[in-house]
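Take a look at the structure below.
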Amino acid sequence: MSEIISRAQAIYDRIQNALTLAGRKDKAEFVAVSKTRTVDEMHEAENFPYIGSFGENRVQEAEAKRRIYGTSRITWRLIGHLQANKARKAVELFDAIDSVDSIELAQRIDRIAGETGKVIPVLLEVNTSGEASKSGTAPENLPQLADAVMQLQNLRLDGLMTVGPITESEAEIRRAFASLRELAESARTRTGLSLPVLSMGMSGDFEAAILEGSTMVRIGTLLFGAREYR
Ligand SMILES: *Cc1c(COP(=O)(O)O)cnc(C)c1O
């Protein structure tokens, strides 16, 4: 068995254990965060049946890799900040955009999707930690953003996404994830949409996220090893 597959199995077991610990009978999707990874590494990860998608954070890198990857069962998700001038490429390349954080960006994606006859599944990214370095809309702007996005015919609003705070404090991490869950609950009431997806939890904090209701964890380092930026 390859290293990547055995790590994937260990992560999957931890996901299942966290769901059990949380008393949950639903699932948490396992997104393999493949930024900086080679196509060979990604093919290996695809051999693990419970990995359903790749998460990429840069449009150009994803473009280069998707061109040579070949056909596959895997969904490609954009998880990094999207600049307006890359929106067209992103709509072409990705099966889902998880980092929508402004009305302007949502409208642009919608317009381009409409031109190409696509409906793009999206998540709204929220900055739950208040850290200045993080992208995502401020929690207080979420209602407005959700109201605007649900009007757009070529976007399908599936839920919310966040990146946890950089801290050793388990309590602080849990609080950020709990706040995303609460924001989703209010947004459901407000919009009448089911908003089933809560994308939260990475290598260092995915169990905490699952305990707070995450339905989608995004794992890079723990699956592929430490990243080297070239
Ligand atoms: C890089 C990245 C991840 C994965 O982080 P790891 O700590 O390597 O698991 C998850 N989500 C986003 C948005 C990222 O940019």
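Order of appearance sets the numbers: ligands from 1, and atoms from 1 within every ligand.
In Arg24, the CZ atom is crowded: over 12 heavy atoms of neighbouring residues, nucleotides or ligands sit closer than 6.0 Å.
At a heavy-atom cutoff of 4.0 Å, ligand 1 is surrounded by Val33, Lys35, Ile79, Val163, Met202, Ser203, Arg218, Ile219, Gly220, Thr221, Arg227.
Tyr12 and Tyr50 have parallel rings, their planes meeting at less than 30° on a 0 to 90° scale where 60° marks the start of perpendicular.
A heavy-atom distance below 4.5 Å is found between the side chains of Val91 and Ile120.
Checked against the 6.0 Å centroid criterion, the rings of Phe94 and Trp76 do not qualify as a close aromatic pair.
A salt bridge links Glu207 with Arg14: the distance from a Lys NZ or Arg NE/NH1/NH2 to an Asp or Glu carboxylate oxygen falls below 4.0 Å.
Sorted by first and then second residue, the ring pair (Phe, Tyr, Trp, His ring centres under 6.0 Å) pairs with a member in residues 171-226 form an empty list; sequence neighbours excluded.
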